[in-house]
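Quick notes on the structure that follows.
On a predicted model such as this, the values are computed, not experimentally measured, just so you know. Chain A is the first sequence line, chain B the second, and so forth, proteins listed ahead of strands; every chain is numbered from 1.
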Amino acid sequence: MQLYNTLTRHKEEFVPAGDEVTMYVCGLTVYDDMHIGHALGTITFEVLHRYLEWRGYKVKRIQNFTDVDDKIINRAQKEEISSEELSQSYIDAFFDDMAGLNVMLATEYPRATQSMDQIIAVIADLIEKGFAYESEGSVYFDVRKDKTYGELSHRSLDDMLQGTRFDPEPGKNYPADFALWKLSKDGEPAWESPWSDGRPGWHIECSAMAYEHLGKVIDIHGGGLDLVFPHHENEISQSKAFTSEDTFARFWMHNGMLRLSGEKMSKSIGNIVRVHDVLADHSSDAFRLWIYTSHYRSPLLYDQQGLDVAERAARRIRTAIVPRDATSDSTPLAAGEFEDRFIAAMDDDMNVPQAMAVVFDLVRDINRSADAGVDVVAAQDKLRELTSVLGLTLEELATEAGDLDESVIQGLLDQRAESRAQRDFAAADRIRDELQAMGVAITDSPDGTTWSRT
RNA sequence: GGCGACGUAGCCAAGUGGCCUAAGGCAGAGGUUUGCAAAACCUCCAUUCGGCGGUUCGAAUCCGCCCGUCGCCUCCA
């Protein structure tokens, strides 16, 4: 499988270093609801996980929660609850959204606050090795000690300093140095350390947790494109300093940003669409199919209509797995060619849009063959298999009809069948409209009438 | 200012030197089927890939310039 590696800016053949694929994905800072940009990134790496497993690899995927951070502290103070309560409530919400999106969970979800011993040990080691220094109760990483600093974002320290958005902190020896440990003010969450009662900087938790759960060198490190600099750059630097290895992650993968009205969807800009809101009137399949129209490294523009379009596309796939009777003796439809094409697409840097094109080609072939009476059972099984690799459920969106008494629907259907038998089509159509208004779509066929939720 | 990405049909979007007279989804047109629908199936729907030059036997794909959009440059998925 070829994967694009941000480090080398090329697609490279991916082979795990050991028996299982080790994957670390930067997760959320839990101070607010999850928005669909977070879902885009999460699903990108979840699909990679599903695909690698389907191809026979064992995968260990770790996704962290940043549950100590200035924004969490501020928000908790505003709501007059503890930081723990606040972050826990958003972690709970996160798992609700994961279930709603049919996301296969990661192997583990470590939290910064539960990895404090490990974080402090790494920082102490970095000081001992001379890569970090203490200053006024805080600890900073000395980026000038790392001659390869900038290798991921492909820029030199000089380039970075030209950015001029540096707000030099008094304790730093050098503006580009970053905090490993921060002294906490009164009333802020704090952990005991050799340097002060404080809390970890943002970057160190990922290195410490990756090391703790996956080892010194990991196969794949993932996250959003906006994390390349400084977050992942700093992770590489401090991790290499700590482990003395010449690399931290063999592959760095970054997904494109979700945009809303031209701008990146971001909590700080405030142009947010919550996962929860999208799932209120769209199936997870529709959300995924919408995402799957574009490649994971491309930016994606939020589009309400795009979700509606995807809903119809989802229905098209669901229709193709409805059981069909074979009435012909001809050879059953084989799906091997489609599977080969699916694999070829996915092996090319997870080209999910291409893989979806294959899926839709299979859908057409199933419908065509089934109409001709050909046995499509095996092909339908293959369709289910391939779509499940992409996390599709092929289940209908539960709507108000879900709360309806099915006997009521059946009663109306019986009435309509009676009307049709008497060729009173006006009455039959009235009942059909009535059902439609309830969210029930009906389909007549020679074998009778079936219904589904819309 | 520095680094980088993108611009393909009405919309979304794949394709990055010949298999492209360019996937797939949605929308649209005609047809089959149906009491009528819906769904499904068949046919059609970009001689063309932001613009202008260049390299090449050959370019949507490589190079240059221009126009437009976006990301990162210590909050960010």
TODO: For A:Gly41, answer base if it contacts any base atom (sugar-phosphate contacts may also be present), sugar-phosphate if it contacts only those atoms, and nothing otherwise; contact means non-hydrogen atoms under 4.0 Å.
DONE: nothing
TODO: Go through B:rC76, B:rC70, B:rA38 for me and flag the one nearest to the A:Arg259 side chain.
DONE: B:rC70
Open item on the list: Closest approach to the side chain of A:Pro230, judged atom by atom: which nucleotide of B:rA14, B:rG35, B:rU74 is it?
Closed with: B:rU74
Open item on the list: So does A:His213 get a backbone contact from the side chain of A:Lys60, meaning a donor-acceptor N/O pair under 3.5 Å?
Closed with: yes
Open item on the list: Is the phosphate of B:rU74 approached by A:Asn234 (side-chain N or O, under 4.0 Å from OP1 or OP2)?
Closed with: no
- [ ] Among the candidates B:rA23, B:rU74, B:rA13, find the nucleotide nearest to the side-chain atoms of A:Gln354.
- [x] B:rA23
Task: Any N/O donor-acceptor pair, A:Arg420 side-chain to B:rG35 base, under 3.5 Å - done: yes
TODO: Using a strict cut-off of less than 4.0 Å between a Lys/Arg side-chain nitrogen and an Asp/Glu carboxylate oxygen, indicate whether A:Glu151 and A:Lys240 qualify as a salt bridge.
DONE: yes
Task: Donor-acceptor pair present, A:Asp303 side chain and B:rC11 base, under 3.5 Å - done: no
TODO: Using the C1' atom on both, measure B:rC49 against B:rG7 and round to a whole Å.
DONE: 10 Å
Task: A:Arg312 side-chain proximity, nearest of B:rU74, B:rA77, B:rA27 - done: B:rA27
- [ ] Go through the N and O atoms of the side chain of A:Arg432 and the base of B:rA37, and report whether any donor-acceptor pair is under 3.5 Å.
- [x] yes
TODO: Heavy atoms only: give me the nearest A:Tyr302-A:Met265 pair and the separation to one decimal.
DONE: CB-CE, 4.4 Å
- [ ] Would you please determine if the base of B:rG35 is stacked by A:Phe425, with stacking meaning a centroid separation under 5.5 angstrom and planes under 30 degrees?
- [x] yes
- [ ] Quote, to the nearest angstrom, the C1' distance that separates B:rU32 from B:rA13.
- [x] 30 Å
Open item on the list: Does B:rG7 have its OP1 or OP2 closer than 4.0 Å to a side-chain nitrogen or oxygen of A:Ser298?
Closed with: no
- [ ] Could you tell me whether the phosphate oxygens of B:rA40, OP1 or OP2, come under 4.0 Å of any side-chain nitrogen or oxygen in A:Arg316?
- [x] yes
Task: Touch class at under 4.0 angstrom, heavy-atom based, for A:Gly222 against every strand present - done: nothing
Task: Result of checking A:Asp429, A:Asp424, A:Asp444 against A:Arg416 for salt bridge (charged side-chain N to carboxylate O under 4.0 Å, His left out) - done: A:Asp444
Task: A:Phe229 side chain, from C-beta outward: closest of B:rG25, B:rC70, B:rC73 - done: B:rC73
Open item on the list: Would the base of B:rG35 count as contacting A:Arg416 through its side chain, where contact means a donor and an acceptor less than 3.5 Å apart?
Closed with: yes
Task: Watson-Crick or G-U counterpart of B:rG64, or none if no pair lies under 3.5 Å - done: B:rC52
Task: A:Asn351 side-chain proximity, nearest of B:rA14, B:rG25, B:rU74 - done: B:rA14
- [ ] Look at A:Asp285 together with A:Arg288 and state whether they make a salt bridge at an N to O cut-off of under 4.0 Å.
- [x] no
Task: Distance-only donor-acceptor test (3.5 Å): side chain A:Lys264, base B:rC76 - done: yes
Open item on the list: Mind checking if A:Met265 touches a base, just sugar-phosphate, or nothing, with heavy atoms under 4.0 Å?
Closed with: base
- [ ] Would you mind classifying the nucleic acid contact of A:Ile442 as base, sugar-phosphate or nothing, using non-hydrogen atoms under 4.0 angstrom?
- [x] base
Open item on the list: Any side-chain N or O of A:Arg364 below 4.0 angstrom from OP1/OP2 of B:rC42?
Closed with: yes
- [ ] Measure from the side-chain heavy atoms of A:Arg155 and tell me the nearest of B:rG15, B:rG35, B:rG2.
- [x] B:rG2
Task: Mate of B:rC70 where both pairing distances stay under 3.5 Å, Watson-Crick or G-U - done: B:rG4
Open item on the list: Under 4.0 Å, counting only non-hydrogen atoms across every strand here, what does A:His231 touch: a base, just sugar-phosphate, or nothing?
Closed with: nothing
Open item on the list: From the set B:rC41, B:rG25, B:rA23, return the single nucleotide nearest to any side-chain atom of A:Arg368.
Closed with: B:rC41
Task: Separation of the P atoms in B:rG10 and B:rG51, to the nearest angstrom - done: 14 Å
Task: Atom-pair distance (NE2 on A:His10; C1' on B:rG4), nearest Å - done: 14 Å
Task: Residue mapping more 5' on RNA chain B - nearest nucleotide basis, A:Trp290 or A:Met356 - done: A:Trp290
Open item on the list: At 4.0 Å (heavy atoms only), tell me whether A:Gly223 reaches a base, stays on the sugar-phosphate, or touches nothing.
Closed with: sugar-phosphate
Open item on the list: Pair A:Tyr4, A:His10 - check ring pair (Phe, Tyr, Trp, His ring centres under 6.0 Å), show working.
Closed with: CA-CA 5 Å; A:Tyr4 182 87; A:His10 288 290; 7.8 Å; no
- [ ] Examine B:rG4: is either OP1 or OP2 under 4.0 Å from a nitrogen or oxygen in the side chain of A:Ser153? Give yes or no.
- [x] no
Open item on the list: Both A:Met257 and A:His154 contact RNA chain B. Taking the nearest nucleotide for each, which residue is further toward the 5' end?
Closed with: A:His154
Open item on the list: Taking atom types as they are modelled, would you say the side chain of A:Asp429 forms a donor-acceptor pair with the base of B:rG35 within the 3.5 Å cutoff?
Closed with: yes
Open item on the list: Of the listed nucleotides (B:rC12, B:rC3, B:rC36), which one gets closest to any side-chain atom of A:Thr293?
Closed with: B:rC12
Task: Side chain A:His221, main chain A:Cys26, donor-acceptor under 3.5 Å - done: no
Open item on the list: Please pick, from B:rC41, B:rA39, B:rC36, the nucleotide with the shortest atom-to-atom distance to any side-chain atom of A:Asn367.
Closed with: B:rC41
Open item on the list: Looking at A:Ser369 and A:Ile366, would you say the former's side chain and the latter's main chain have a donor-acceptor pair under 3.5 Å?
Closed with: no
